[in-house]
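Okay, structure first, notes after.
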Amino acid sequence: MIDRNLLRENPERVRRSLLRRGLDATPVDEACALDERWRAAVTRADRLKAERNALSAAFAQAKASGTPADLERLRRRSNELAAEVAAAEHEAREAERALEQVLEQIPNLVADEVPDGSGEEANVQVRSSGPPPAPAGTPKPHWDIGEELGILDFERGARLARSRFAVLVGAGARLSRALVDFFLARNLAAGFTEINPPILVNRESVAATGHLSKFSDQMFSVDGASLYLSPTAEVQLVNLHRDEILAASDLPKLYTAYTPCFRQEAGAAGKDTRGLIRQHQFEKVELVAVCEPNQAATLHERITAQAESLLQALGLPYRIMALCAGDLGFASRKTYDLEVWLPGQKAYREISSCSDCGDFQARRANLRFRSAPTARPRFAHTLNGSALAVGRTLVAILENYRQPDGSVVIPEVLRPYMQGLDAIRPA
RNA sequence: GGAGAGAUGGCUGAGCUGGCUGAAAGCGGCGGUUUGCUAAACCGUUAUAGUGCCGUCAAGGCGCUAUCGAGGGUUCGAAUCCCUCUCUCUCCGCCA
C-alpha cells in the first residue's frame with residue numbers, strides 16, 4: 001500500500017510511477033478525490049461527535065441539578081445528533097472502502113534507478129558467471145533426464161492431484177532434500193534465522209504482502225477455513241512481525257525458511273507445461289529482511305549476493321538481471337532476478353527474485369520500528385529473495401551436470417548431504 | 001469434539017453496582033536532581049492512530065475524534081450491560 005500522505009501531497013509522483021510500469025494512472029485521481037471525500041466526512045463526523053460528547057457531560061450535570069425538562073431537552077437533542085453522526089460515519093465508511101479498493105490496485109513506487117522498459121527484453125544484466133559453457137554432449141531437457149534416471153514422475157503427480165504436480169523418486173527426492181539442507185545451512189551461516197512457519201495463512205497476511213491485489217490472484221484457498229495456501233514464504237516471514245513496533249536495536253531481522261509454496265498459475269496456460277519449472281506446488285528456501293529504511297539498499301545487495309553465492313557454490317552458470325519498471329512485481333520498488341542457465345532449453349530461467357519492497361508491505365502489515373526509545377514509530381522496510389527455488393535448482397543440476405553416459409554428477413558441495421553419493425546413474 | 005475460565009497501555013495488574021477512567025498502582029523506558037564513578041533515592045515524563053486550525057515549507061504548537069481482543073446492540077452516555085465471532089488457558093475425549 002502506498003502512503004496516503006504522499007498521494008495527497010505529491011500525486012504526480014505516484015502517477016509517474018504507474019506510467020513507468022506501463023499502467024493506467026487514473027486510479028491516482030480517483031484515490032485523491034475519494035481521499036478528499038473521506039476527509040470531509042470524517043471531519044464532519046468528528047465535529048458532531050464532539051458536540052454529542054459535550055451534551056453527555058451536560059446531561060450528567062443536569063441529572064444532579066437540572067429539571068426533568070432540561071433532561072428531556074438534552075436527550076432529544078442528543079438523539080438528533082446521533083442520527084447526524086450515523087449519517088456522517090456512513091459516508092466516511094463508504095468513501096474509505098472505495099478508497100481502499102483503489103489503493104489496493106496501486107503498486108509500489110518504482111525506484112529511480114530502475115531501468116525503463118515495458119517487458120523482459122528491457123531488463124538489464126548486472127553481472128554473470130560468464131558466457132554459458134559449451135555442452136558436454138547433446139543437451140537434454142530435464143524431464144527427459146529425469147525420466148531416464150527414474151527420479152521424476154509427472155504422470156503419477158497428475159494421478160495424485162492433477163497436471164502441474166510432480167512426484168520425485170529415489171535419488172531425485174534425496175537431491176531435493178539435500179538442496180534444502182544445503183541452502184538452509186548456508187543461509188544460517190550468513191546470519192539468517194531459520195523459521196518453520198504455517199503453510200496455511202489468513203487473509204490479513206496475504207493482503208499485507210500485496211498478494212491479494214487484483215494483479216496477482218494466484219492463490220489456492222481452503223474452502224470453509226478462510227485460509228490460503230501460501231504462495232511464498234515471503235508472506236509468512238513478513239507477517240511474523242505484523243502489528244508490532246520493533247526496537248531499532250533489534251533490526252535488521254534476517255529470516256530464512258524452507259516451505260512448500262502453492263500457486264494457481266492462472267494465465268500461464270501453455271507456458272512451461274512440461275517439466276518442473278512451473279508447478280502448482282513447489283519448494284523454496286526464502287530470505288526475508290525487516291530493517292530500517294537506510295539499511296534497505298545494502299541488504300538488498302546482501303540478499304542478492306547470498307542467493308548468488310549458492311549458485312556459485314553449486315557451479316551453475318547464471319546471470320543477474322535488474323528488472324525494468326514494466327517487469328517489476330506489485331509490491332516491489334526494485335528487483336534483481338537471478339537466472340540460471342538451462343542447456344536443455346538453451347535459455348536462462350529465473351531461479352531467484354530479490355526485491356526491495358520499501359515500506360509498501362510494512363504499511364499494510366502495520367510493521368513499525370522506533371529509532372530511539374522515545375521516537376515516534378516509523379514503518380520498517382522489507383526485502384525478500386529466494387535462496388533458492390528448490391525445484392528449479394534441481395532442474396539446473398540435471399541439465400548442467402549431465403554426462404555423455406547419461407549420468408548426472410552431484411555437485412561437490414551437495415555430496416555431504418547425500419551420504420557421499422557422487423552421481424545419479426541410469427538404473 | 002464436550003465442559004469451564006479469560007482477553008485492559010512495553011510488561012504486571014486494578015476498574016467491570018454504566019457518567020472527567022485513555023484508563024489507578026507497580027515495574028520497565030526516557031529526561032533531570034543528587035553523586036568522585038556506579039548503584040540507590042527523589043522529581044518529572046512516558047500508548048497508538050486519524051483529522052482540523054496555526055506555522056511560507058519543515059520542525060513544532062493548540063484542539064477535536066477514535067481505540068480497553070473484533071464486530072454489532074441497549075442507552076442521552078459503555079472498558080463496564082446484552083449478542084455474535086476470534087483467540088488464549090484449564091479439564092475430558094480423540095489423534096500424528
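Since this is a predicted model, take the numbers as computed values, not measurements. Each chain gets a letter, A, B and so on, in the order its sequence line appears, and its residues count up from 1.
The side chain of A/Arg44 places no N or O atom within less than 4.0 Å of a non-bridging phosphate oxygen (OP1 or OP2) of B/U51. Side-chain nitrogen and oxygen atoms of A/Arg47 include none within less than 4.0 Å of the OP1 or OP2 phosphate oxygen of B/U65. Between B/A49 and A/Arg368, a contact under 4.0 Å exists linking OP1 or OP2 to a side-chain N or O. One finds no side-chain N or O of A/Arg52 lying less than 4.0 angstrom from the OP1 or OP2 phosphate oxygen of B/A78.
A/Glu9 places its CD atom 11 Å from the C1' atom of B/A58, with the value rounded to the nearest Å. One interatomic measurement links the two molecules: CG of A/Asp243 to C1' of B/A49, which rounds to 12 Å at whole-angstrom precision. Separating the CZ atom of A/Arg93 from the C1' atom of B/U51 is a distance of 17 Å, rounded to the nearest angstrom. Atom-to-atom, CZ of A/Arg39 to P of B/C53 comes out at 9 Å; the value is rounded to the nearest Å. The nearest whole Å value for the distance from the CG atom in A/Asp46 to the P atom in B/A49 is 16 Å. Separating the CG atom of A/Asn366 from the P atom of B/A47 is a distance of 17 Å, rounded to the nearest angstrom. The CD1 atom of A/Ile245 sits 6 Å away from the P atom of B/U48 (whole-angstrom rounding). With rounding to whole Å, A/Phe59 atom CZ is found 13 Å from B/G18 atom C1'.
Across all strands, A/Arg376 comes closer than 4.0 Å only to sugar-phosphate atoms, never to a base (heavy-atom distances). Residue A/Arg73 is classed as having no contact, given no heavy-atom separation below 4.0 Å to the nucleic acid. If you check every strand for non-hydrogen atoms under 4.0 Å, A/Arg8 touches sugar and phosphate atoms only.
At a threshold of 4.0 Å, the pair A/Arg77-A/Glu51 counts as salt-bridged, since one of the basic side-chain nitrogens sits closer than that to a carboxylate oxygen. The existence of a salt bridge linking A/Glu339 and A/Arg349 is excluded, since no basic side-chain nitrogen approaches an acidic carboxylate oxygen closer than 4.0 Å. With respect to the salt-bridge test (charged N to carboxylate O, under 4.0 angstrom), the residues A/Glu399 and A/Arg402 do not qualify.
Taking atom C1' in both B/A7 and B/G71, one finds a spacing of 16 Å when rounded to whole Å. Separating the C1' atom of B/G44 from that of B/C62 is a span of 22 Å, rounded to the nearest Å. A gap of 16 Å separates the C1' atoms of B/C85 and B/G6, to the nearest Å. A gap of 14 Å separates the P atoms of B/A25 and B/A47, to the nearest Å. On the C1' atoms, B/C87 is 37 Å away from B/G63, given to the nearest whole Å. The gap from the P atom of B/C68 to that of B/C81 amounts to 14 Å, rounded to the nearest Å. Distance noted for atom C1' between B/G28 and B/G10: 7 Å (whole Å). Taking atom C1' on both B/G13 and B/U8, the two are 9 Å apart, rounded to the nearest angstrom.
Comparing A/Asp35 and A/Ser56 by the nucleotide of RNA chain B whose heavy atom lies nearest to each, the residue mapping closer to the 5' end is A/Asp35. Comparing A/Pro377 and A/Pro373 by the nucleotide of RNA chain B whose heavy atom lies nearest to each, the residue mapping closer to the 5' end is A/Pro373.
Ring orientation note: the planes of A/Phe182 and A/Tyr417 are nearly perpendicular, at an angle over 60° on the 30°/60° scale.
Counting heavy-atom neighbours within 6.0 Å of A/Arg203 CZ, excluding the residue itself, gives a total of 12 or less.
Of the candidate nucleotides B/U65, B/U51, B/G19, B/U51 has the atom nearest to the side chain of A/Trp38. Of the candidate nucleotides B/G50, B/A47, B/C30, B/C30 has the atom lying nearest to any side-chain atom of A/Thr374. The side chain of A/Arg75 approaches B/C76 more closely than any other nucleotide in the set B/C76, B/G50, B/U48.
Considering every non-hydrogen atom in both A/Asn108 and A/Ser332, the closest pair reads CB-O, 3.6 Å.
Consecutive Watson-Crick or G-U pairing (both distances under 3.5 Å) extending over three or more pairs maps onto RNA chain B as B:1-7 with B:86-92, B:10-12 with B:25-27, B:28-33 with B:41-46, B:47-54 with B:60-67, B:69-73 with B:81-85.
Taking A/Phe360 as the reference, A/Phe330 meet the ring-ring contact (aromatic ring centres under 6.0 Å, His included) condition, with sequence neighbours excluded.
Counting distance only, with no hydrogens placed and no angle test, the side-chain atoms of A/Asn53 and the base atoms of B/G77 include no donor-acceptor pair under 3.5 Å.
Sorted by first then second residue, the side-chain hydrogen bond (donor to acceptor under 3.5 Å, both in side chains) pairs that include residues 164-186 of chain A, not counting sequence neighbours, are A/Arg174-A/Gln419.
With respect to A/Thr232, the side chain to side chain donor-acceptor pair (under 3.5 Å) criterion is satisfied by exactly one of A/His211, A/Lys284, A/Arg263, A/Gln218: A/Lys284.
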